[in-house]
Amino acid sequence: MVQTITLKRSSYESAKISVKRGSLYSFEVIEKLKKLEFEEILKFMEENGFKDPIDTSYLAYEGFYLIEVVLNKYLSQMYGDVLASASIPNRKFLDNYYLKYQIHNLMVVVRCTLAKEKDITPYLIGDNRRQEKYLKAFEMPLEDGIMYLSKKLKFNEIEVLEAFKKGLFELENYLYARYYEHLFKDTLKFNNRDEKNFRNFIRTYVDILNSRAFLKLKVDGIEQIPFDEIFVEGGTENLEYFTVLIDKAHEDILLVFEKKFNKKIHSFGALDNLFNVHKEEGAMMFKQVSFGSPFYVLRFFFELEKQVSTLRYLLKAKYMKLSEAEISKLMEGN
């Protein structure tokens, strides 16, 4: 059932978000961190915004596990604070947006089970209450866990399981297809401009998702899995846009996508990078959102996710003792 969510303007909510934005690391701070060693970076972070995630994790984890648990706890705290202070209609919108992290957690359960990991806590996002169902699912046989989580997240359990049996790529694509359908399920009402920009941002993201899925199937053998089974509704391009490309050569398809996105696309990896480029463009777009708008939070979310991604790359590079040149190459474009 389609509902109209009338979002509320709130200077109070934007003021709280502004305080959190002020705690994010500037470009200059990140550049200084690049010159420090792994333990020195953690010490700086502990003294600047990451005290609780580090203090509660430092003795229990090490290496990559420590990096993941610290950053994911920090991300969970930030999101939890924003959701808790939002008004009821604005929170409904944010809960719809937050579903992507619940999908992330479901995929953590699947990947860690297949990899025979013993502890999934470092990879989960969300407070203890939000994590409970994923920890419970991790103790189950994998297919039972998938069915359990699918039901909890209100997905079609049978369809999710069928997607899983086709492969991890197909499962992830199916889940995110449902996510974007979920985002567009309700009609957002505020000032026409902000919700229109948000919708356009998501629609272009869906186009990238579909293009990436189509190209992968084209390379792997599109006859194995019909594209219409994993096509995501909600983008600017319909299914026919892609089906007419089925018989075209790989190079010709890349040229079509280059024209579509106005970016140089020379490989499948370039489409992966296009997600990051689009997110950067989204961050720039939402800088135009006025103070008090319910969409003001998206500007913060984009900046927050970029900081977490940057710190993840930097900490892992420092832990592996990569050279400055290797670190610069690894973090290029991030």
Residues 58-68 side chain polar contacts: donor-acceptor under 3.5 Å, at least two apart:
unit_1	atom_1	unit_2	atom_2	d
Tyr58	OH	Glu39	OE1	2.8
Tyr58	OH	Glu39	OE2	3.3
Tyr61	OH	Asp119	OD2	2.9
Tyr65	OH	Glu117	OE1	2.9
Glu68	OE1	Arg312	NE	3.3
Glu68	OE1	Arg312	NH2	3.3
Glu68	OE2	Arg312	NE	3.1
Glu68	OE2	Lys316	NZ	2.9

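With respect to the salt-bridge test (charged N to carboxylate O, under 4.0 angstrom), the residues Lys73 and Asp52 do not qualify. Look at Lys264 and Glu258 and you find a salt bridge, because one of the NZ, NE, NH1 or NH2 atoms lies within 4.0 Å of a carboxylate O, short of that distance. The pair Glu172-Arg111 counts as a salt bridge, with a side-chain nitrogen and a carboxylate oxygen less than 4.0 angstrom apart.
Scanning all heavy atoms of the two residues, the minimum distance from Gly292 to Ser14 falls at N-OG, 2.8 Å. Heavy-atom minimum distance, Ala317 versus Ile327: CB-CG1, 3.6 Å. When all heavy atoms of Ser76 and Gly126 are compared, the pair lying nearest together is OG-N, 2.6 Å.
Among Leu135, Leu153, Ile125, Leu149, the single residue meeting the side chain to side chain contact (heavy atoms under 4.5 Å, CB included) criterion with Asn105 is Ile125.
Counting only heavy atoms from C-beta outward, the side chains of Leu304 and Tyr79 approach each other to under 4.5 Å.
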What's the verdict on side chain to side chain contact (heavy atoms under 4.5 Å, CB included) for Phe291 and Ser11, showing C-alpha distance, side-chain angles and the deciding distance?
-> CA-CA 7 Å; Phe291 186 87; Ser11 297; 3.9 Å; yes
Starting from the C-alpha separation in whole Å, work towards a yes-or-no answer on side chain to side chain contact (heavy atoms under 4.5 Å, CB included) for Leu254 and Leu215.
-> CA-CA 9 Å; Leu254 291 178; Leu215 194 60; 3.7 Å; yes
Residues Glu143, Lys165; criterion side chain to side chain contact (heavy atoms under 4.5 Å, CB included); working and verdict = CA-CA 9 Å; Glu143 291 191 4; Lys165 290 177 178 178; 3.7 Å; yes
Step by step, work out the ring-ring contact (aromatic ring centres under 6.0 Å, His included) result for Phe155 and Tyr174.
-> CA-CA 10 Å; Phe155 293 131; Tyr174 172 85; 7.1 Å; no
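Counting non-hydrogen atoms of other residues, nucleotides and ligands closer than 6.0 Å to CG of Leu114 gives a total above 12. Within a 6.0 Å sphere centred on CD of Glu47, heavy atoms belonging to other residues, nucleotides or ligands number more than 12. Other residues, nucleotides and ligands contribute more than 12 heavy atoms inside 6.0 Å of the NZ atom of Lys260.
In summary, the aromatic rings of Phe214 and Phe231 are positioned with their centroids too far apart to meet the 6.0 Å limit. Checked against a 6.0 Å centroid threshold, the rings of Tyr134 and Tyr123 do not count as neighbours. For Phe50 and Phe44, the distance between ring centers is not under 6.0 angstrom. Between Phe201 and Phe198, the ring centre distance reaches or exceeds 6.0 Å.
With no hydrogens or angles considered, a side-chain donor-acceptor pair links Glu13 and Asn90 at under 3.5 Å.
Residues Val19 and Tyr12 do not share a hydrophobic cluster, clusters being chains of Ile/Leu/Val/Met/Phe/Trp/Tyr side chains in contact below 4.5 Å.
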